[in-house]
Structure formats: structure tokens, C-alpha cells
*Asks:* 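There's a structure below that I have some questions on.
Values below: all heavy atoms of this structure, side chains included; hydrogens, waters and symmetry mates excluded.
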Amino acid sequence: MAYRRTVEEFVTERAGAELGVVFAAIAVASQGIERQIRLAGLSDVYGAFGAVNVQGEQQQKLDVYANDELIAQLGKVKSVAAVVSEEDEGPVMFDHPGAEFAVIFDPLDGSSNIDVNVNVGTIFSIARVSGDVVESVLKPGTEQIAAGYVVYGPSTVMVIAFGDKDGVAGFTLDAEGRFVLTSESMTMPPQGPYYSANEANAASWPVAYQEFVKTLVSEGLAGKAYSARYIGSLVADFHRTLLKGGVFLYPPTEKAPTGKLRLLYEARPLALIAEKAGGAAVNGATRILDLKAEGIHERTSLIVGSKAEVEALNRLVMGAAK
Ligand code: P6P
């Protein structure tokens, strides 16, 4: 079998050794997280950690483990100045004078699904630091140096994209614990068979979103019929959308009028990957990558997926807003 490059080798070739080392640290942390998830039932790592994070959410033991592991691995990389995590109020600063990168991440997304053995994921974005770390990471998503996610499951896969290069690449965790290249150029189908949303919230969505889903169900779009898929782990719902096409939508709701998902470490990294794969990502009115964040834990609505569906919904939402 032909040699498969590791994610560190691939990134080093495409974007230089400095970034390659950052991805190597993320790969080591992700391998540790995968092992903890796989063996969770055999050790006491299921369940609540007994504390609440900055989001006011019950931390699961594996949330804390994942966060600690990513901080530990990235803290060894001299070119990383700081990390910004969903689990921490502010940046975790490292004593790395002159370091140029900040890594922003959701260490374990979908953790409510862990105890039921459903896919969960790590989502990350890499920003260039110039001066203040927070100011640097709040810049629009078009400034991302790179972004990626890891989806833990029957097969654990890392998917990445670079801000200034074309293409989306996929790596699979092998038996030796390395993420090796398995998809060199991933593209999102121009239209898909699925829509993905938590329809229990539909009554509180803005009407345009309700109309859109009703139309997909009753008439389809451009002659295509649709089916519903909703896993409840953003990374898994996104990964399916990337591979099969269609649209994932988390519109504004009564409980989350500005959206539930986080802009910096959920929507933006996935928006970069979606666009680099030929898809699109908006918040209903604006391209996700153009949004400047006001705060590191800012939330947003997210419509992401194949161009056909995202653009159709965007037209409806913009039309309704007039
Ligand atoms: P709901 C998981 O808690 C998460 O942050 C995302 O992974 C997922 O897409 C979303 O929330 C699910 O939210 O309201 O449908 O349970």
C-alpha cells in the first residue's frame, strides 16, 4: 500500500513546518481524546465533572479531559502564544515570547452525546497573533490561517482547510495512533438529499426558516426530495453534510435569539471548510466568514451546507427581512 502522509507532514508540505508542529500537537491531543472516549465505559470518565463552565453548562468529565489535553499539548509548542477555549472565560496564555499563533477550540462538542456512544468532536481554528490575543482572534473568519475538526466515531477523522489555499483534506486515525491522509481533496455536493435541524424549535424560528423547511418537505428543491437527519452533534451533522450534501441549520430560537452555536470555535472553522469544499455558510443575513466577533464566546445562527440550499434559504430570509 502506498505510504500515507501524516497530517503533520501534509501541513508542513503545504504551509510550512511552524504550522505543521501546531497540527502535530492537535493530533496528539485528539488521539488521547479518542482513546478516552473509546474506553470511557471501562473507566470512570462518563458523566458530569461536577462543575459548570463559563457557558453555564454542566461540564462532563471528558470535556475537562479534552480541554486539559489540548492545552497541555499546545502549551508545548513555542509558536503558540495562547489558546481560547469554549471551556475557559478568557485566553490561556503561554510564556512563548514572539509566538505567532493562537488556537481557538471547542475541545469536545456534543458532549451530551458521549454517554450514549454517539459521535462527538473537536473543532479548532488557528489565528495569527499580532499584539493583543483577543483582538487578534476577533478578526473576521476570512483571516483564519487554518481550521479543522475531528469527528470521533467508528472511524476517527480529522478534516482541515487553510485560509489562503484551496482544498479540504481528510485524515483517518490509524492503528498506530497517527492521523494519515485518506482524502486529499474533499468537495461538498452542489445539492444534497438532507436537511438537518432540531425541528422541536421550529415554532420559534423566524417564519422564513419555517417556510423553507416546509417547502423542502412538501416540494423539495430544484426537483429533489429531502429527508431529515439530525444527530445533535454539530461535528457529525456537518461531516455528513460535507460528504453527502444538503443543509444544516440552527436558526434563531426563543431560547437563543442570536443563535445557539458559537461563532469563533464552531461556526467559523466549519464555514471555512464548507467554503473551501465548494459550499456556503451564513448566519441568515451575512456570510459567516465576514462576521467580526464582539466577544470570544459570541453566539450565532448557522446555515451551512451545499450552495443550492444555503443560497435558497438566504434569499428567503433576506426577502422576509425587507
Ligand atoms: P440542540 C451540542 O450541545 C451543540 O453545541 C452542537 O454540537 C449541536 O449542533 C447543538 O448543540 C444541538 O443543540 O438544541 O438541538 O440540542
*Asks:* Side chains of Gln191 and Ser306: any donor to acceptor distance under 3.5 Å?
*Replies:*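 No, because no side-chain N or O of Ser306 sits under 3.5 Å from a partner of the opposite role on Gln191.
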*Asks:* How would you list all residue pairs meeting ring pair (Phe, Tyr, Trp, His ring centres under 6.0 Å) that involve residues 243-294, not counting sequence neighbours?
*Replies:*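 Listed by first then second residue: Tyr265-His297.
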*Asks:* Check whether any side-chain heavy atom of Val247 lies under 4.5 Å from a side-chain heavy atom of Phe212, and answer yes or no.
*Replies:* yes
*Asks:* Roughly how far, to the nearest 0.5 Å, is the OG atom of Ser196 from the CG atom of Leu249?
*Replies:* 7.5 Å
*Asks:* Just verifying a value: how many Å separate Ile71 CD1 and Glu87 CD, rounded to the nearest 0.5 Å?
*Replies:*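 Output value for this atom pair is 9.0 Å.
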*Asks:* Tell me whether Asn119 contacts the main-chain N or O of Val151 through its side chain, where contact means a donor paired with an acceptor under 3.5 Å.
*Replies:* no
*Asks:* Quick check: does any side chain N or O of Lys276 sit under 3.5 Å from a backbone N or O of Gly163, one acting as donor and the other as acceptor?
*Replies:* yes
*Asks:* May I ask you to check whether over 12 heavy atoms, not counting those of Glu13, lie within 6.0 Å of atom CD?
*Replies:*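 For Glu13, atom CD is crowded (more than 12 foreign heavy atoms under 6.0 Å).
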*Asks:* Using modelled atom types only, decide if a donor and an acceptor are shared between the side chain of Gln210 and the backbone of Ala202 within a distance under 3.5 Å.
*Replies:* yes
*Asks:* Taking the side chain as every heavy atom from C-beta outward, state whether Glu8 and Phe179 have any pair of such atoms under 4.5 Å apart.
*Replies:*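 No; the side chains remain at least 4.5 Å from each other.
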*Asks:* Return the CG to CD distance between Leu42 and Gln36, rounded to the nearest 0.5 Å.
*Replies:* 11.0 Å
*Asks:* To the nearest 0.5 Å, what is the distance between CD on Glu298 and CG on Leu138?
*Replies:*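 Going from the CD atom of Glu298 to the CG atom of Leu138 covers 8.0 Å.
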*Asks:* With rounding to the nearest 0.5 Å, note down the distance linking CD1 in Ile37 to CG in Leu108.
*Replies:*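 Rounded to the nearest 0.5 Å, the CD1-CG separation comes to 5.0 Å.
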*Asks:* Would you please say whether a donor-acceptor pair under 3.5 Å links the side chains of Ser111 and Asp63?
*Replies:*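 Looking only at side-chain atoms, Asp63 and Ser111 do form a donor-acceptor pair, the distance falling under 3.5 Å.
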*Asks:* For Phe171, what residues pass the ring-ring contact (aromatic ring centres under 6.0 Å, His included) criterion, not counting sequence neighbours?
*Replies:*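 Phe10.
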*Asks:* What residue pairs, at least two apart or across chains, pass salt bridge (Lys or Arg N to Asp or Glu O under 4.0 Å) with a residue in residues 197-216?
*Replies:*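 Counting only pairs at least two positions apart or across chains, the salt bridge (Lys or Arg N to Asp or Glu O under 4.0 Å) contacts touching residues 197-216 are Glu211-Lys214.
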*Asks:* When you compare the side chains of Asp88 and Asn67, does any donor N or O come within less than 3.5 Å of an acceptor on the partner?
*Replies:*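 Result is yes, a qualifying pair exists.
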*Asks:* Using modelled atom types and a 3.5 Å cut-off, is there a donor and acceptor pairing between side-chain atoms of Thr300 and backbone atoms of Leu302?
*Replies:* no
*Asks:* Working to the nearest 0.5 angstrom, can you tell me the gap between Ser227 OG and Lys244 NZ?
*Replies:* 13.0 Å
*Asks:* Are Glu309 and Leu313 side-chain neighbours, meaning at least one heavy-atom pair lies under 4.5 Å?
*Replies:* no
*Asks:* Quick one: do Val84 and Tyr149 end up in the same hydrophobic cluster if we chain Ile, Leu, Val, Met, Phe, Trp and Tyr together by side-chain heavy atoms under 4.5 Å apart?
*Replies:* yes
*Asks:* Side chains of Ser233 and Asn113: is there a donor and an acceptor less than 3.5 Å apart?
*Replies:* yes
*Asks:* Any salt bridge (Lys or Arg N to Asp or Glu O under 4.0 Å) involving residues 255-272? Give me the pairs, sequence neighbours left out, ordered by first then second residue.
*Replies:*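 Only Glu57-Arg262, Glu86-Arg262, Arg262-Glu266 qualify under salt bridge (Lys or Arg N to Asp or Glu O under 4.0 Å).
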*Asks:* Could you tell me whether Arg5 and Glu184 make a salt bridge, using a distance below 4.0 angstrom between a side-chain N and a carboxylate O?
*Replies:*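 Counted as a salt bridge, because a side-chain N and a carboxylate O are separated by less than 4.0 Å.
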*Asks:* Any heavy-atom pair between the side chains of Arg299 and Leu261 that's under 4.5 Å?
*Replies:* no
*Asks:* Show me the donor-acceptor pairs, under 3.5 Å and distance only, between side chains in residues 14-29 and residues at least two apart or in other chains.
*Replies:*
from	atom 1	to	atom 2	distance (Å)
Arg14	NH2	Asp166	O	3.3

*Asks:* By ring-ring contact (aromatic ring centres under 6.0 Å, His included), which residues pair with Tyr65, not counting sequence neighbours?
*Replies:* none
*Asks:* So, does Ser79 use its side chain to make a donor-acceptor pair with the main chain of Ala99 at under 3.5 Å?
*Replies:* no
*Asks:* Taking atom types as modelled and ignoring hydrogens, do the side chains of Tyr3 and Glu9 form a donor-acceptor contact shorter than 3.5 angstrom?
*Replies:*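 On atom types as modelled, these side chains qualify, holding a pair under 3.5 Å.
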